[in-house]
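A short worksheet on the structure shown next.
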Amino acid sequence: MDFALSEEQKMFRAMFEDFSKKEIAPVAEALDHEETLPLTILEKAGRQGFLGATLPEEHLGADLDFVSYALLMEALGRDCMSVAVSLGTHVSLVAMSILRHGSEAQKEAYLGILAAGGDGGRDVRLGAFALTEPDAGSDTSRLQTRAGMDGEEYVIDGVKTWVANGEMTGLFLVFAEAPGGMTAFLIPADTDGVTVGYREPTLGLRNVPFNTVYLEGCCVPAANRLGEEGDGREIAEAAGERMAVTLGAAALGVVEDSLEVAAQFATERVQFGVPIAEKQAIQNLMAESTVDAEALRHLVYHGAWQVDRGGGLGSVGSVVKVFAARVAQQVTNRMVQVMGGYGYMEDYPLARKYRDARALGLIGGPTELHYVRIAERVFAGRDVAITP
Ligand SMILES: Cc1cc2nc3c(=O)[nH]c(=O)nc-3n(C[C@H](O)[C@H](O)[C@H](O)COP(=O)(O)OP(=O)(O)OC[C@H]3O[C@@H](n4cnc5c(N)ncnc54)[C@H](O)[C@@H]3O)c2cc1C
């Protein structure tokens, strides 16, 4: 067993951290308060090749292995979880789904554009993943979005909610019920019948546009179907497993930076005549959180390594996701405590990290549904019915 990063991975990590510190950290607080789309950052990320991080060079990608990509997410997560979520949605959910399940023609048509962040238009354009609906959240077996055949085309009607990157997307990966079952479709944002609607105001992740998207008589050729009719569930689950590790890596970044911010604060803040860092209660909060951070690091890197080995992640993705959400929420909560009232002020970065971390128990499927998948493994081979 080799737990060491390669020299190349270490070099990438330094480069990612450098980018994040220079381009994101100085503006992250202001962006959060203004709830602005981080278009300039994403354009710069595109120039670095991050938008095509795991895509092969033939599709203008950076050809990173998943461990290196996890290091990128970790670095971005340290400074701005919103940027990590937008980029993770684009790469892990959309671009890699096309790479894994797309035809050669689809790869040719879409991957280069995704890696470039658009087709040369004014704004950067990312991919968006449209699965959730008003009445289909955890239970995606009840999608109301319908895809019917009309000659050589599909006609798609429905409403999608919580679509990350909605108003800055060029391409939706949409899941709909077709005659052969749940099916995935690639729908360019400028297709007639597609309307990007309401942007959801949220507790955290305030730089990610989460939109409702309306599909009304939206016609796409059969060539825009990703995989076969009925493959939608498998495509969504594989994407969800990659996203679990992606979010886990971003969570690791949030945890690490929160620890650093609070450690520095505790060293400078004097109460009862000494820095509060010298109080054992504070040391315990820091130590307990460091244990959690180290455990999360190993789980995330192991998950990423397993993605690189190919095949499905199965319940490992759920284990990473559940633990990452728990650790990120607990550690940011503890670090607010370490910083006292200053931790609760919006002028200090902990408040933002605390709000952002809360999303991790919901985004990519709620913790309770991941428990179901883990329980399937626990009771495998026994006569126990596990249903959500
Ligand atoms: C920040 C954020 C970003 C998101 N981004 C996207 C995106 O880009 N694309 C997309 O398609 N979706 C996205 N989503 C949607 C997300 O996947 C759903 O919110 C999630 O699947 C849960 O659905 P729901 O919100 O409707 O909750 P519900 O399904 O209504 O669940 C409500 C509560 O009931 C629990 N529950 C439900 N069923 C069971 C059960 N059988 N057993 C035990 N408990 C149960 C849930 O765990 C939860 O606690 C995003 C959500 C958030 C919060």
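Numbering of ligands and ligand atoms starts at 1, following listing order. Residues take their numbers from the sequence shown, with the count starting at 1. Just so it is clear, the structure is predicted and the values come from calculations on it, not from any experiment. Heavy-atom basis, side chains included; hydrogens, waters and symmetry copies ignored.
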Would Ser92 and Tyr69 count as having a side-chain donor-acceptor pair, cut-off 3.5 Å?
-> yes

So, does Thr89 sit close enough to ligand 1 that a heavy atom of it is under 4.0 Å from the ligand?
-> no

Taking atom 49 (O) of ligand 1 as the reference point, the nearest protein heavy atom with its distance = Glu368 OE1, 3.5 Å

How about atom 25 (O) of ligand 1: does it have a protein heavy atom within less than 4.0 Å?
-> no

Does some non-hydrogen atom of the protein lie less than 4.0 angstrom from atom 22 (C) of ligand 1?
-> yes

Looking only at non-hydrogen atoms, the one of Phe129, Tyr371, Phe172, Trp162 nearest atom 5 (N) of ligand 1 is Trp162

What atoms of ligand 1 come closer than 4.0 angstrom to any heavy atom of Ala164?
-> 7 (C), 8 (O)

Can you find a protein heavy atom under 4.0 Å from atom 32 (C) of ligand 1?
-> no

Do the ring centers of Tyr354 and Tyr344 come within less than 6.0 Å of each other?
-> no

Does the separation of the ring centres of Phe16 and Phe19 fall below 6.0 angstrom?
-> no

Polar side chain donor-acceptor pair, Arg355 to Thr202, under 3.5 angstrom | no

Atom 46 (C) of ligand 1 - nearest protein heavy atom and its distance = Pro366 CG, 3.7 Å

Heavy-atom protein neighbour under 4.0 angstrom from atom 35 (C) of ligand 1 | no

Output the list of atoms in ligand 1 that are nearer than 4.0 Å to some heavy atom of Leu131, sorted by atom number.
-> 11 (O)

Side-chain donor-acceptor contact under 3.5 Å, Ser86 with Asn165 = yes

Heavy-atom proximity to atom 29 (O) of ligand 1, best of Ser138, Gly166, Gly361 = Ser138

Identity and separation of the nearest protein heavy atom to atom 15 (C) of ligand 1 = Thr132 OG1, 3.2 Å

With backbone taken as N, CA, C and O and side chain as the heavy atoms from C-beta onward, which portion of Thr367 lies under 4.0 Å from ligand 1: side chain, backbone, both, or neither?
-> neither

Go through the side-chain N and O atoms of Glu376 and Tyr371 and say whether any donor and acceptor fall under 3.5 Å apart.
-> no

What atoms of ligand 1 come within less than 4.0 Å of a heavy atom belonging to Pro388?
-> 41 (N)

Of Leu296, Thr367, Val300, the one forming a side chain to side chain contact (heavy atoms under 4.5 Å, CB included) with Phe323 is Leu296

Any idea which protein heavy atom is nearest atom 3 (C) of ligand 1, and the distance to it?
-> Phe210 CE2, 3.3 Å

Residue pair Phe175, Phe185: steps toward the ring pair (Phe, Tyr, Trp, His ring centres under 6.0 Å) verdict = CA-CA 6 Å; Phe175 294 83; Phe185 295 93; 9.1 Å; no

Would you kindly say whether Glu268 and Gln264 are connected by a side-chain donor-acceptor distance under 3.5 Å?
-> yes

